[in-house]
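Working notes for the structure below.
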There are 2 protein chains.
Amino acid sequence: MRTTTKVLPEDARAHHRSMVLQRLFHGGPSSRADLARATGLTRVTVSDLVTTLVDEGLVTELGPSPTGRVGKPATLVALRTRDHQLLAVDLTDDLVLLGAVLDLEGEIVARRSVPSDGRTGEALVDAVADLCRELVTVATRPVLGIGVASPGVVDEHGTVLQAPNRGWADVPLAQLLSAELGLPVHVANDADAACLAELTYGGANGDGLLVLTVGQGVGAGIVLDGTLVRGTRHAAGEIGHVTALDERDSRDDAPLGLPQRCACGRTGCLETVLAVPALRDRAAGDPEALAAVGRRLGIVLAPVVSALNLAEVVLSGPPELLDGPLRLAARSTLRNRTMPVISEDLQLRMTALGEDGALRGAAVLVLSGQLGVT
Amino acid sequence: MRTTTKVLPEDARAHHRSMVLQRLFHGGPSSRADLARATGLTRVTVSDLVTTLVDEGLVTELGPSPTGRVGKPATLVALRTRDHQLLAVDLTDDLVLLGAVLDLEGEIVARRSVPSDGRTGEALVDAVADLCRELVTVATRPVLGIGVASPGVVDEHGTVLQAPNRGWADVPLAQLLSAELGLPVHVANDADAACLAELTYGGANGDGLLVLTVGQGVGAGIVLDGTLVRGTRHAAGEIGHVTALDERDSRDDAPLGLPQRCACGRTGCLETVLAVPALRDRAAGDPEALAAVGRRLGIVLAPVVSALNLAEVVLSGPPELLDGPLRLAARSTLRNRTMPVISEDLQLRMTALGEDGALRGAAVLVLSGQLGVT
DNA sequence: TTAGTTAGGTAACCATCCTTACAATTGGCG
DNA sequence: CGCCAATTGTAAGGATGGTTACCTAACTAA
């Protein structure tokens with residue numbers, strides 16, 4: 001049975017508040033009347049909400065708008081995007097913890113990073129906390145909260161259920177950091193974060209988006225109906241260990257060679273052909289081999305794209321490896337192996353966010369957690 | 001940008017009403033105090049809601065409950081499941097339109113069917129309307145609404161965007177039938193309906209469920225987080241035309257022979273090996289061939305199961321074909337090609353609803369549309 | 001018989017939104 | 001030049017729906 005939860009008036013209020021913020025965030029400065037039209041609320045209600053938002057310091061009046069029409073000129077109100085900041089941490093990399101201070105536009109104001117020096121477990125948590133503390137001192141405006149993109153399986157409360165490479169199992173990271181720093185903390189899987197970043201800053205289609213992150217490993221974040229898919233055990237997107245190459249495949253896709261043993265103990269996982277180390281070792285610079293990897297990727301993605309009727313698949317990772325024969329082969333394989341209704345509207349493209357996908361996504365966690373902005 | 005919609009107090013009321021009905025539907029007769037505890041609402045609010053539900057005739061007081069504990073004995077209230085009926089129509093079959101009258105328990109009270117006689121387009125709409133009219137006369141209790149399970153791509157308003165075999169394109173079926181019969185009408189894709197039936201009557205896990213319907217064609221319905229996945233173009237679940245067999249596959253999986261031409265114009269689609277006609281022609285009674293089909297199915301499902309971290313995959317179709325070597329081969333292939341975290345908790349089973357999946361699902365459309373019960 | 005517990009109802013209050021009415025300000029038109 | 005229509009933002013009053021606090025009824029355990 002589906003368990004829903006009761007709706008209090010204050011929940012409705014919070015929801016409407018988010019709608020107003022959302023509109024200001026994406027639509028830029030607007031008059032109260034504009035906001036009323038956009039949200040469906042009355043001008044009265046919007047005025048009231050705006051008043052509280054101004055009192056909270058999140059929104060400010062800009063003054064009368066250049067009037068083109070008849071009637072009383074509107075006074076624009078705007079989100080004070082430069083007057084608040086948030087902290088983002090990206091733990092994707094094995095060797096270094098990346099941190100940044102961003103403003104509400106998503107502009108990176110400052111970066112800090114520390115080598116991870118092989119730390120794991122509690123020591124790594126401490127290192128993350130130290131990095132956050134440093135970021136707090138670097139911030140020049142009030143900090144709304146902290147977002148963390150972590151590898152591994154993360155639940156909706158920000159507990160890292162498992163991240164073997166980090167020595168983490170059931171680590172309540174959000175709770176620990178929040179207690180340590182006295183700020184709201186939101187933690188999510190790195191691929192999920194990259195997916196949110198694509199949605200918020202990359203202009204992606206929230207009706208059906210899959211972001212494939214290619215790095216040390218291969219992961220995916222999926223957004224349907226504007227929300228992340230989490231999965232029964234919070235392991236949605238763990239697509240790196242689907243078999244993508246078995247013995248018979250390798251006979252025809254010769255450039256790939258035989259299926260390789262994967263770190264997970266099995267053989268022929270997608271990671272063994274598509275992760276960055278595998279690509280560098282066995283395909284970099286060889287268009288044929290890159291195309292062969294692309295074909296394997298297309299074959300793996302075809303059922304997912306069809307089942308979900310996705311609008312976009314976005315690749316995040318080194319462009320010199322991904323954005324060429326690999327991507328093109330994946331795309332044509334995808335087209336060849338799905339019906340037109342599915343492939344017609346499908347985009348398969350590179351991210352426009354470069355290396356900062358997960359980091360920007362960590363920022364989005366805060367925006368969405370604290371302001372309800374997506 | 002995600003567009004959300006405003007929440008009025010009356011929406012909250014409707015939501016709470018649904019929560020109470022939901023609880024009564026799944027939990028059976030309960031006291032008002034039970035309902036309050038289950039929903040998180042106050043006893044006052046629940047009492048008020050129950051009063052209106054009694055006035056509407058949906059709920060009735062059963063009298064004092066057999067008291068086991070101290071305190072005033074509770075008076076049970078119950079959904080009047082036998083005193084209301086709903087109509088369900090299943091258009092999946094090429095040759096016959098299936099209809100039924102059900103009560104709110106999901107018990108089928110009466111069945112009616114008419115041969116489709118090759119009708120398509122408007123004539124078919126008329127035939128469906130006629131069938132509904134007959135069902136209305138057969139019903140012995142007030143009818144809450146009509147649910148229709150149709151093949152093809154159906155949008156959220158019950159418009160059939162395309163159903164080539166029925167000669168339908170952009171047919172606002174729900175609207176037409178509703179105008180004709182004066183009752184609320186809900187239309188959904190047949191596989192989606194089967195999926196909802198599995199959720200409501202089959203006790204399936206709404207956190208990650210895929211129902212694969214195998215008949216004339218192959219389709220899938222997917223429920224994540226308790227809601228159907230619809231897809232950008234409402235074509236989610238159209239998995240029958242993913243390539244499942246190419247030239248090189250057939251060399252090893254000899255029992256399947258060469259990839260066959262599919263009705264969609266392409267070659268080697270999942271339907272060409274898994275649809276009932278294909279199974280009957282080329283695999284029925286041959287365990288090796290059935291297992292080979294199961295392996296192809298497992299290969300196609302592995303990426304979907306991994307990407308979504310599904311809890312259950314349910315097969316709906318002729319058990320003599322599906323529930324044997326085919327299912328077992330699919331299951332072991334699925335296990336072999338996904339990582340343990342994914343496959344560990346995954347069930348791959350037959351439906352418990354037999355042939356009536358889509359029909360029962362059509363009934364669920366009404367339950368959920370009119371009462372908010374899932 | 002009395003104390004304690006549970007169910008269910010009533011009254012007063014609070015939050016939120018809506019509708020209606022109005023002041024302020026502008027452009028266009030006679 | 002002055003009036004009207006359009007538009008914005010605010011104020012007052014009403015409707016809805018929830019909460020807390022308190023009351024009575026009916027039962028069990030001592």
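The chains referred to below are lettered A, B, ... by the order of the sequence lines, with proteins before strands, and numbering in each begins at 1. Treat the numbers as computed from the prediction; the structure is a model and nothing was measured. Below, each value reflects all heavy atoms present in this structure, side chains not excepted, and no hydrogens, waters or symmetry copies.
- Listed by chain and number, the residues in a side-chain hydrogen bond (donor to acceptor under 3.5 Å, both in side chains) with A:S65 amount to none (sequence neighbours excluded).
- Evaluation of the salt bridge (Lys or Arg N to Asp or Glu O under 4.0 Å) test over residues 362-374 of chain B, restricted to residues two or more places apart or in two chains, returns none.
- Annotation: side-chain hydrogen bond (donor to acceptor under 3.5 Å, both in side chains) contacts of A:R37 (sequence neighbours excluded): A:D34.
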N/O-N/O pairs, protein side and nucleotides 1-4 of chain D side, under 3.5 Å:
none

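- The nearest whole Å value for the distance from the NE2 atom in B:H15 to the P atom in D:dG17 is 14 Å.
- Among the atoms of the strands shown, none is found under 4.0 Å from any heavy atom of A:R17.
- Using a 4.0 Å cut-off, some side-chain N or O of A:T75 falls inside it from OP1 or OP2 of D:dG9.
- Applying the side-chain contact (heavy atoms from CB on, under 4.5 Å) rule to A:D192 yields the partners A:N189, A:L228; only residues at least two apart in sequence or on another chain are considered.
- Within a 6.0 Å radius of CZ in B:R233, no more than 12 heavy atoms belonging to other residues, nucleotides or ligands are found.
- Among residues two or more places apart in sequence or in another chain, the side-chain contact (heavy atoms from CB on, under 4.5 Å) test is passed with B:P9 by none.
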**Complete:** Per-nucleotide protein contact along nucleotides 23-30 of chain C, 5' to 3', at a 4.0 Å heavy-atom cut-off (B base, S sugar-phosphate only, - neither), is -BBBS---
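- B:E56 pairs by the side-chain hydrogen bond (donor to acceptor under 3.5 Å, both in side chains) definition with B:R17, not counting sequence neighbours.
- Evaluation of the side-chain hydrogen bond (donor to acceptor under 3.5 Å, both in side chains) rule for A:T45 yields A:T42 as partners, not counting sequence neighbours.
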Sequence neighbours left out, cut at 3.5 Å: what donor-acceptor pairs do the side chains of residues 174-182 of chain B make with other protein atoms?
{"from": "B:S178", "atom 1": "OG", "to": "B:L183", "atom 2": "O", "distance (Å)": "3.0"}
{"from": "B:E180", "atom 1": "OE2", "to": "B:R133", "atom 2": "NH1", "distance (Å)": "3.3"}

**Fill in**
B/S/- along nucleotides 9-21 of chain C (protein heavy atoms under 4.0 Å) is SB-----SSSBB-
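- In this structure B:A88 satisfies the side-chain contact (heavy atoms from CB on, under 4.5 Å) test together with B:L102, B:L359, B:A362, B:A363, sequence neighbours excluded.
- Here C:dA7 presents its C1' atom at 13 Å from CG of B:L35, a figure rounded to the nearest Å.
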